[in-house]
Amino acid sequence: MRSVELAKAYDPKSFEQRVYEMWKREGHFQPKIDRNERPFTIVIPPPNVTGVLHLGHALDNSLQDIQIRYRRMKGIPTLWLPGTDHAGIATQNVVERKLRKEGRSREALGREAFVEETWKVAMEHRAIIDTQLARIGASVDWSRERFTLDEGLSRAVREVFVALYERNLIYRGEYLVNWCPSCGTALSDDEVEHEEEPGALWHIWYELEGGPCPEWPSGKIEIATSRPETLLGDTAVAAHPEDRRYAGLIGKRVRLPLTDRIIPIIADSYVDPAFGTGLVKITPAHDPNDFLVGQRHDLARINILNPDGSLSSAVPEKYRGMKVLEARKAVLADLEALGLLNGEEKTTHAVGHCYRCHSVIEPYLSKQWFVRMKPLADKALKAWQDGEVVFFPRKWEHTYRHWLENIRDWCISRQLWWGHRIPVFYCRDCGATMVRREDPTVCTQCGSDNIYQDEDVLDTWFSSWLWPFSTLGWPKDTADLRYFYPTSALVTGYDIIFFWVARMIMAGMEFTGQSPFKEVCIHGLIRDKQGRKMSKSLGNGIDPLEIVEEYGADALKFTLAYNCAAGQDILIDRDSFKMGSKFANKVWNASRYILMNLEGRTYLPERELSYNDTDRWILHRLNEAARTVSQALESWRFNDAAQAAYAYFWDDFCDWYIEASKLSTKFGDEREKDRATTVLLKVLDESLRLLHPFLPFVTEEIYGMLPNAKGRLISARYPEWTKEREAPDIQAHFEALKEIVTLVRTLRSEFQISPEASIPLSLAFDDGYVHAAFIQEHVALIRLLAGASSVSIGQAGGAAAPEGTVSLAGKGLTIHVQVGGLLDIGRLVERLSKEREKEAAYIAKLESKLSNSAFLSSAPPDIIEKEKDKLAASKTKAAKLDLYIRELS
RNA sequence: GGGCGCUUGGCUCAGCUGGUCAGAGCGGCUGGUUUACACCCAGUAGGUCGGCGGUUCAAAUCCGUCAGCGCCCA
């Protein structure tokens with residue numbers, strides 16, 4: 001073989017993009033469809049085409065990539081389907097902002113041109129996102145990329161709308177919706193974010209219509225409200241029916257201040273007698289609870305707001321056009337002037353905000369389309385109960401269940417231009433409503449061609465909830481749909497369980513009769529080290545591409561996976577990624593070492609190859625690691641998987657195996673050098689396979705230089721645990737060897753014996769020391785690793801130490817280290833005494849446990865045995881320490 | 001108001017169904033340029049696992065409670 005020179009430093013920039021292009025070009029991302037094999041499929045949670053990928057996306061996609069690569073290497077036909085979401089409000093906002101900056105506006109542009117403009121922006125962002133995905137190494141099948149506004153997906157949306165309408169699960173109605181005055185559209189309940197904000201409760205007098213009367217001598221009642229401006233839309237005042245204080249008032253009427261209206265006092269059990277004065281103003285058009293009260297009592301609904309959040313013509317002239325806060329001030333001032341204001345108390349209350357633009361949400365009366373959710377939720381609930389879908393970690397199933405059990409109808413119409421237009425047509429002549437799969441040209445009822453389409457578009461999530469099957473071709477019965485659906489898993493953050501996960505399951509159950517995925521992996525959110533969300537306004541965001549630039553995509557992926565503990569948020573900063581970078585560097589350098597020493601070596605065929613004990617040890621460790629990593633990945637425990645891979649490679653392979661192999665590669669004969677080099681290459685090959693899902697780029701790059709590699713690593717087979725490689729006895733022996741080496745190293749380090757100092761060792765085994773033969777056989781290895789000049793096997797344990805030596809107490813043996821005059825005896829005695837004290841405390845603890853009859857009678861026998869063994873070992877060690885101390889003093 | 005989560009060495013966190021699980025990375029300290037790696041090697045210090053109570057032969061690990069922090073839903 002010829003040596004291969006790797007660059008001195010690990011430099012991901014020099015190969016990551018090249019490697020990605022190669023994978024793509026060679027078609028490794030496309031599934032190798034095999035009808036006899038069940039595929040592994042993930043559809044990507046589609047990023048919004050509003051923006052660019054942030055670290056949260058990097059996490060989500062890194063985790064998916066790890067799974068996809070792992071399954072692909074297992075030989076499973078694997079599909080990871082990419083795509084993006086048109087993100088209705090978000091994108092429209094971005095474009096409107098952009099237009100405003102250019103001095104243009106949506107209105108001036110008109111619907112068609114605006115949508116065209118938005119397509120342009122969306123496609124620009126999509127291109128950026130695609131590039132980013134490639135840069136972080138996402139092994140997605142680009143040939144199947146989708147967009148929620150694609151023709152096929154739009155067809156699915158329309159089919160679903162019409163079908164739900166036909167099943168009487170979609171209706172149009174006038175209800176209070178969450179209105180964002182800034183975006184000018186309705187929002188679903190889930191799109192409103194509630195925040196505690198300081199506010200006040202104002203106490204206001206309402207005068208009785210007839211003034212003072214026998215039942216109410218004061219002639220006025222006091223109500224408390226946090227929103228005084230809405231009194232302009234009041235249509236009643238209510239008290240609890242059992243509230244004795246106000247029993248006499250029910251049925252009377254009051255004069256609504258600042259208006260000329262007279263409104264009734266009613267009784268309704270919604271009122272909390274303990275709140276405020278126990279009397280509540282009722283504003284059916286501007287409060288969800290009042291809306292219900294109004295329904296029960298058949299009250300008028302007076303809409304006092306315009307769509308832009310200003311006061312409408314339904315209020316007295318002077319308030320018209322004012323914004324809500326302005327009107328509040330004016331109303332309060334006027335009440336004050338009239339002597340109708342009875343003070344204010346400071347409080348805090350929850351205020352709803354738009355999840356997109358953060359404006360205060362107004363409950364607003366309007367005609368909207370809704371989905372009747374209960375029947376859909378019941379199916380989704382059943383799917384979970386039947387075990388058709390399982391969450392990792394399980395705790396999120398409670399969140400899922402709770403939301404579904406308390407489901408409310410879903411407002412799906414949005415007063416936007418960007419999105420799927422609602423497929424409903426109305427006839428101007430006869431008033432017919434047409435909901436059809438194809439656009440009608442004339443009224444289906446009266447034949448008039450004077451028809452028009454609903455102006456609104458659908459909530460973005462109305463297309464997202466179909467994503468797992470619409471992307472595969474549904475409603476067409478495509479080959480992809482039949483083969484890949486239902487998908488295997490969904491990987492996403494807990495923040496969109498309601499928005500998305502639950503709704504996808506509903507849609508899947510309703511339209512395909514199956515849960516769209518079997519497993520749901522819910523991971524945490526990325527936060528900064530103070531636990532704050534990363535956001536533009538805080539300026540604490542980290543651009544994943546900056547990390548790729550600085551440390552490489554592998555470092556990004558590995559660090560995120562390593563820190564991804566089941567369902568926990570990930571607190572991270574820029575420096576955190578050094579961890580992954582250092583690991584990738586370690587892989588690079590270990591490989592570099594092996595590859596630089598190939599010159600003149602012969603790669604031995606399997607039949608001429610033999611494995612020594614060290615080889616069998618590392619193969620055992622590799623075998624264990626493969627099992628641990630697989631088990632962890634299959635139960636979505638990314639941190640455990642990454643840690644196992646890390647520990648195997650760094651601690652076992654680099655620190656022990658490669659070091660041990662130098663005995664052969666440096667000091668062996670030619671044949672032994674060939675043998676050892678061949679095994680090193682084989683183990684490296686398998687180690688790269690093990691690591692590939694976590695460090696795809698660096699492992700592929702190195703794999704390409706291995707003389708023994710075939711094909712590409714991305715499509716190579718993943719190491720699997722095998723019985724044949726199990727070697728627990730060798731594992732135990734090797735641990736004993738490591739103990740000896742470590743004891744000597746510790747001594748050298750603590751007493752600062754220089755590396756050059758030659759220290760002969762003599763080992764004395766206790767009776768029945770099970771590792772004796774192994775140790776004896778590998779004295780040369782101990783000599784190398786411990787840096788000893790010689791290692792000999794001496795007298796049985798307990799014997800007096802030879803002159804000029806220091807004794808170390810190992811498990812079942814004694815190490816005599818010939819130090820001559822190199823040691824500070826006083827310090828040594830001190831150290832030994834400290835060790836002796838620890839041992840004494842441990843012995844005391846074990847003895848008390850073992851003399852406890854309750855323990856002896858209740859604990860399982862094997863536990864008791866173990867404790868006894870520990871005590872015996874500890875006592876032996878203590879005795880040795882006593883001996884050493886005596887000898888030295 | 002309802003629900004959930006967190007509180008483990010200086011920092012960020014792992015520790016599933018109770019008995020070598022008291023761990024990792026970073027940081028600290030000591031020593032080291034043996035031709036893979038100073039993004040390294042060898043060694044080392046540091047925690048009564050938030051407080052209290054309980055279950056158990058045995059609890060960081062289960063139960064209760066209190067305190068602090070955070071999230072979600074009303």
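Chain letters run A, B, ... following the sequence lines, proteins first and then strands; every chain starts at 1.
Residue contacts for A:W650: at a heavy-atom cut-off of 4.0 Å it reaches the sugar-phosphate backbone alone, with no base atom in range. Within the nucleic acid shown, A:T742 comes within 4.0 Å of sugar-phosphate atoms alone, with no base atom in reach, counting heavy atoms only. Residue A:D655 is in sugar-phosphate contact alone, with no base atom involved, counting any heavy-atom pair closer than 4.0 Å across all strands shown. Residue A:K845 is out of contact with every strand shown, counting any heavy-atom pair closer than 4.0 Å.
Note that OG of A:S664 and CG of A:L680 are 8.5 Å apart. Values are rounded to the nearest 0.5 Å.
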Close N/O contacts between protein and nucleotides 15-22 of chain B (under 3.5 Å):
none

Can you give me the N/O atom pairs linking the protein to nucleotides 31-34 of chain B at distances under 3.5 Å, or say none if there are none?
none

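Judged by distance alone with a 3.5 Å cut-off, no donor-acceptor contact links the side chain of A:E659 to the base of B:rA42.
Residues passing the side chain to side chain donor-acceptor pair (under 3.5 Å) test with A:S635 are A:R637, sequence neighbours excluded.
For A:W403 and B:rA74, the shortest distance from a side-chain N or O to OP1 or OP2 is not below 4.0 Å.
Stacking of A:R408 on the aromatic ring of A:W403 is not recorded, the 6.0 Å distance cut-off and the 45° axial limit not both being met.
Rounded to the nearest Å, the gap between the P atom of B:rU44 and that of B:rG50 is 27 Å.
Of the residues in residues 581-588 of chain A, A:S581, A:K582, A:N585, A:K586 come within less than 4.0 Å of RNA chain B through at least one heavy atom, sorted by number.
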Show me the side-chain donor-acceptor pairs of residues 592-600 of chain A shorter than 3.5 Å, one per line, residues at least two apart or across chains.
{"residue": "A:R592", "atom": "NE", "partner": "A:L6", "partner atom": "O", "Å": "3.3"}
{"residue": "A:N597", "atom": "ND2", "partner": "A:Y593", "partner atom": "O", "Å": "2.9"}
{"residue": "A:E599", "atom": "OE1", "partner": "A:S3", "partner atom": "N", "Å": "2.8"}
{"residue": "A:E599", "atom": "OE2", "partner": "A:R2", "partner atom": "NE", "Å": "2.9"}

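Secondary-structure stems of RNA chain B, taken as three or more successive Watson-Crick or G-U wobble pairs (i with j, i+1 with j-1) under a 3.5 Å distance threshold, comprise B:1-7 with B:67-73, B:10-13 with B:23-26, B:28-32 with B:40-44, B:50-54 with B:62-66.
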